[in-house]
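Labels below follow one simple rule: chain letters A, B, ... track the order of the sequence lines, proteins then strands, and each chain is numbered from 1. We use all heavy atoms of the structure for the numbers below, so side chains are in, but hydrogens, waters and symmetry mates are not.
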There are 2 protein chains.
Amino acid sequence: MMNTDTPSEPTCYGLNKLVDEPTERIETLQSLVPSNEDTEQKQEIFKALANEDRIRILEILREGERCVCELQAALEAPQSTVATHLRKLKDAGLVKSRKQGTWRLYRTADTAAFELLNLAEAMRDDE
Amino acid sequence: MMNTDTPSEPTCYGLNKLVDEPTERIETLQSLVPSNEDTEQKQEIFKALANEDRIRILEILREGERCVCELQAALEAPQSTVATHLRKLKDAGLVKSRKQGTWRLYRTADTAAFELLNLAEAMRDDE
DNA sequence: ATACTATATCGTGATATCCCGAAATATATA
DNA sequence: TATATATTTCGGGATATCACGATATAGTAT
């Protein structure tokens, strides 16, 4: 009754039963779980992407760098809202910025940011 | 003073000034913003990914399909918590499932799900 | 039917995020 | 210095998400 490898006939059991039963199966599963730092970093990126306005900002930045007030106009959102979004994108490493006079120009930090959007887009089609 | 193309000398202005000034610049920016459905769908995917446990679940599913109680053991999380995570992943179209006896086996719906994790992973390195 | 296992949903308090006005900071210009 | 524009940060109420026990549902076996 203890099949340890393929899940064609999965070995399942109550969690309470499980704790004092040192099966190697659980160790195997847990070895697949990545480290905390690893997971936390990914989580921060996905959290930054988990907002419609921030997705729109990145879409606009596909075309090149923009200052805050341009994004503000495009999104029709209050200035402080846009600034907060940009802060979050920056903290996650998705965008970078440079100062030019009184303006601050934002750009995508990495083409991977666009690829993330592309992949999410592609998921709609094939299923 | 009205540079409409490159942002080397960006045309910025207060939002209040802006509303009654129909510059084509704003229209251009807004044309870059994707449709609502488009953005909403991406947002749902990224929201589903914006959680450490759900990222861990997907990492485990790289190796093949698993039943709920296996994930429960690997994550050391209560059963209802894991079930709720799986629901969210399923609603976002990231995982699929099939019934086998009393078990329900979950698997990744699309390889794009793994690629999203890979891309997020890769972003740490180059910056 | 009864019992047992596996999974899903519900209800809810704790926590996090969102949105945005108000105030603070920074830079250029008169 | 005073003024105007651009941007960031702060404060806090509204809203959403989280984790999880309790409960419900479904399948299997006796």
Inset, instruction - Treat each ILVMFWY residue as a node, draw an edge where side-chain heavy atoms are under 4.5 Å apart, and state whether B:F114 and A:L32 are in one component. - result: no

Inset, instruction - Specify the separation, in whole Å, of atom CZ of B:R104 and atom P of C:dA8. - result: 6 Å

Kindly give the atom pairs (protein nitrogen or oxygen, nucleotide nitrogen or oxygen) under 3.5 Å for nucleotides 20-26 of chain D.
{"residue": "D:dG21", "atom": "N7", "partner": "B:S80", "partner atom": "OG", "Å": "3.1"}
{"residue": "D:dG21", "atom": "O6", "partner": "B:S80", "partner atom": "OG", "Å": "3.2"}

Inset, instruction - Could you tell me the separation between the CD atom of A:E65 and the P atom of D:dA6, rounded to a whole number of Å? - result: 17 Å

Legend entry - Residue pair B:L58 / B:R54, side-chain heavy-atom distance below 4.5 Å: no

Inset, instruction - Salt-bridge test for B:D53 and B:R56: reply yes if a basic N is under 4.0 Å from a carboxylate O, no otherwise. - result: yes

Inset, instruction - Looking at every strand, decide which applies to B:K88 at a 4.0 Å heavy-atom threshold: base, sugar-phosphate, or nothing. - result: sugar-phosphate

Inset, instruction - Taking only the side-chain nitrogens and oxygens of B:R54, find out if one of them lies under 4.0 Å from OP1 or OP2 of D:dC18. - result: yes

Inset, instruction - To the nearest Å, give me how far apart CZ (B:R98) and P (D:dG27) are. - result: 15 Å

Inset, instruction - Measure the distance from CG on A:D53 to P on C:dT17 and round it to the nearest whole Å. - result: 17 Å

Legend entry - Validation row: B:L75, A:Q30 side chains within 4.5 angstrom (heavy atoms): no

Legend entry - Side chain to side chain, A:Y106 and A:V82, heavy atoms closer than 4.5 Å: no

Inset, instruction - Please state whether the phosphate of C:dA8, meaning OP1 or OP2, lies under 4.0 angstrom from any side-chain nitrogen or oxygen of B:Y106. - result: yes

Inset, instruction - Scan B:Q100, B:R98, B:R104, B:R107 and name whichever one has a side-chain hydrogen bond (donor to acceptor under 3.5 Å, both in side chains) with B:E65. - result: B:R98

Legend entry - Presence of A:R87 side-chain N/O under 4.0 Å of D:dT9 phosphate oxygens OP1/OP2: yes

Legend entry - Rounded distance (Å) that lies between atom P of D:dC18 and atom CD of B:E52: 12 Å

Legend entry - Qualifying residue, where the test is side-chain contact (heavy atoms from CB on, under 4.5 Å) with A:H85 and the options are A:V68, A:L71, A:I57: A:I57

Legend entry - B:N51 CG - D:dC18 P separation (whole Å): 5 Å

Legend entry - Distance test, side-chain N/O of B:H85 to OP1/OP2 of D:dA19, below 4.0 Å: yes

Legend entry - Separation of C:dC20 P from A:L75 CG (nearest whole Å): 11 Å

Inset, instruction - To the nearest Å, give me how far apart CD1 (B:I57) and C1' (D:dC18) are. - result: 14 Å

